[in-house]
Amino acid sequence: MFNVEPNVVPFGFGIILCAGLVALALWLGRALQQARARTTAQARDMEALTHIQERLTNADCSQAVADALDTLLGYSHAAAAQVWFKSDSAASFTPYLHRGLFPESFTQIPAASEKISHFSALDGFPNLSAKGFVELAQIPLWWQRQVVGMLEIAARHRGELRTLADEWCYAVGRALAAKLETAQELEHVRAQLADEKRLWEAGLEVTATEDYDQVLRTIVERARELIHAEASALCLWNQEKEIWVVQGTSGTPEAFAVETLQFERGDGGRVECPVVRFKFRQAHLDLPVRRNGHIVGCLCVASQTPREYSAEERALLMGIASQAALAVERARALQTMGSRAATAERERLAREIHDTLAQILGFVHIKTGVVQEWLTQGNLAQAQTELEQLSRLSQELYQDTRELVLGLHGETDPTHDLADMIQTYLERFSQFCNLPTTFERGDLDVTFPPAVEVQLLRVVQEALSNVRKHARAKHAWVSLRRAQDQALLEIRDDGQGFDPAHPTRGFGPRFGLQSMRERVESIHGVFTVHSAPGQGTRIQVTVPIIYRGQDV
């Protein structure tokens, strides 16, 4: 048997333990070094991403994206970057902006991939390969769960794109998408507000014009300018002679067949426009001018350069056609009747349009400045919130403008009494606003002077406008009846009601109530409001039946 010295085993065990501790220390050192390297890389990635996001706070979208791409290229050492973007009207991606070398080589439209694509061989991209690029990365631009664009980064040295982590690339893509979409939405809001402002200004100009020929010239000129067309024409239907009569043209003289001053409709339907020459009908759009359900004319715009008219342009021309129908009828009425009451109402209406819609447009202008400030500060979330408010406000402005046109269609008619005119207006209001409105017609065998009828009809219109905007009602009622020697007009709803002692400030019931009160008092009537929170609203107007109309 071999004898082992007692100290040999502990000595060998100590050597093994020391070797293990050395190996563990070396492993921990390498792990710590790698962790420090990852931390440094992450810090570098975060710093680069922060710099890119700072560049995107510039209010000028194109300059902001350009600065962000320059920062990206400096960080990655890549040679070129291209942003592709799909706008609302585009079916596929279109080039938005390029930074770096050889922009002409980025001609191949990328597919709308949801994931990052890396290409270490550019056989499928011959234009890039021909310019010396060896690597390509395609990064999707995500916005609200949709790919709205692509970011392409190309390198001329292998390995430069491998340092870009996918998570970092996705963050850059989201930042670019947010900037592009926010800028596009802001541009849409601005364009819509600009169109509505131009339409509103054209309406003011038409309303303020008494001369019939000048009204027609204004209509065709504004139609051509607002649609950016080369020519426009307005033809009216002469019912007695059953012919179309050319009433106004605007644009270059060579666009029109000057010998055509009137033409027949033929089979009673629409005809090919003989007023605008064929050369200028390469982009031709016409809309009927309707009055009381009947076609009384046709308004058209045309250009010799082929193009498609957008839905916004069609809606804008439809608004002008509505103004044309109204303006023609008003101008004819003013020429044939010479009514002082109608003239006074027209002037009052022009002031009311200015005092309401103009103030709202001014508020929109202020909000637009707030959005630009948020964008400058890089607060995209707050900018998006403000844009949503602007969008809702522009929609309210559009509804108010349409409701105003609807109210103008309710002008007093000497062939109908006040009850008939209220009934006609309520039918249109119910259909337009999707708010059931019932007319309770009592025994009121009396004819008011035109000035009184105008004011009472306007009270009905303004009261129902308040119901639509503020009451959240499901139903409204209008009644007109006799109460001894008084005519009693009542408008009520089943909405949320309010405290008459503290009406809403701003463009709410407070402004409407004051306007209605002034109307009623101008015809020596009494205006009363009954309302409470949660109990609906009832407006009562009493007017003496024996009325001194000459005092108006």
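Numbers here simply count residues along the sequence, with the first being 1.
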Minimal non-hydrogen separation, [X] against [Y], with atom names:
| X | Y | value |
| --- | --- | --- |
| His228 | Arg307 | O-NH2, 4.1 Å |
| Ala223 | Leu317 | CB-CD1, 4.1 Å |
| Glu160 | Ala155 | OE1-CB, 3.3 Å |
| Pro140 | Glu114 | CG-O, 3.6 Å |

* Asked: Does a donor on one side chain sit under 3.5 Å from an acceptor on the other, for Glu462 and Asn466?
  ->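 No donor-acceptor contact under 3.5 Å links the two side chains.
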* To do: Check the side chains of Glu152 and Gln82 for a donor-acceptor pair under 3.5 angstrom, ignoring hydrogens and angles.
  =>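 No - no donor-acceptor pair under 3.5 Å links their side chains.
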Check for a donor-acceptor pair, side chain of [X] on one end and backbone N or O of [Y] on the other, with a separation under 3.5 Å.
| X | Y | answer |
| --- | --- | --- |
| Tyr96 | Gly149 | no |
| Lys179 | Leu56 | yes |
| Asp494 | His475 | yes |
| Thr385 | Ala381 | yes |
| Gln282 | Phe278 | yes |
| Ser232 | Val220 | yes |
| Gln496 | His470 | yes |
| Arg277 | Phe256 | yes |
| Ser76 | Ala78 | yes |
| Gln146 | Trp143 | no |

* Asked: Looking at Glu135 and Arg156, does any basic side-chain N land under 4.0 Å from a carboxylate oxygen?
  ->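 Not counted as a salt bridge, because no side-chain N and carboxylate O are separated by less than 4.0 Å.
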* Considering only NZ, NE, NH1 and NH2 on the basic side and carboxylate oxygens on the acidic side, decide whether Glu230 and Lys279 come within less than 4.0 Å. =>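 A salt bridge is absent here (no side-chain N lies under 4.0 Å from a carboxylate O).
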* Give a yes or no on this: more than 12 heavy atoms of other residues, nucleotides or ligands lie within 6.0 Å of atom CD of Gln431. =>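 Result for CD/Gln431: open.
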* Asked: In this structure, are over 12 heavy atoms from other groups packed under 6.0 Å from His118 atom NE2?
  ->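 More than 12 within 6.0 Å, yes.
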* Apply the test ring pair (Phe, Tyr, Trp, His ring centres under 6.0 Å) to residues Phe85 and Phe93: give CA-CA distance (whole Å), side-chain angles for both, the deciding distance (0.1 Å), then the verdict. => CA-CA 5 Å; Phe85 185 59; Phe93 294 136; 8.5 Å; no
* To do: Indicate yes or no: at least one non-hydrogen side-chain atom of His51 is less than 4.5 angstrom from one of Glu47.
  =>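 Yes, side chains in contact.
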* Quick one: do Ile109 and Thr94 satisfy side chain to side chain contact (heavy atoms under 4.5 Å, CB included)? Show the steps, please. => CA-CA 8 Å; Ile109 301 176; Thr94 57; over 6 Å; no
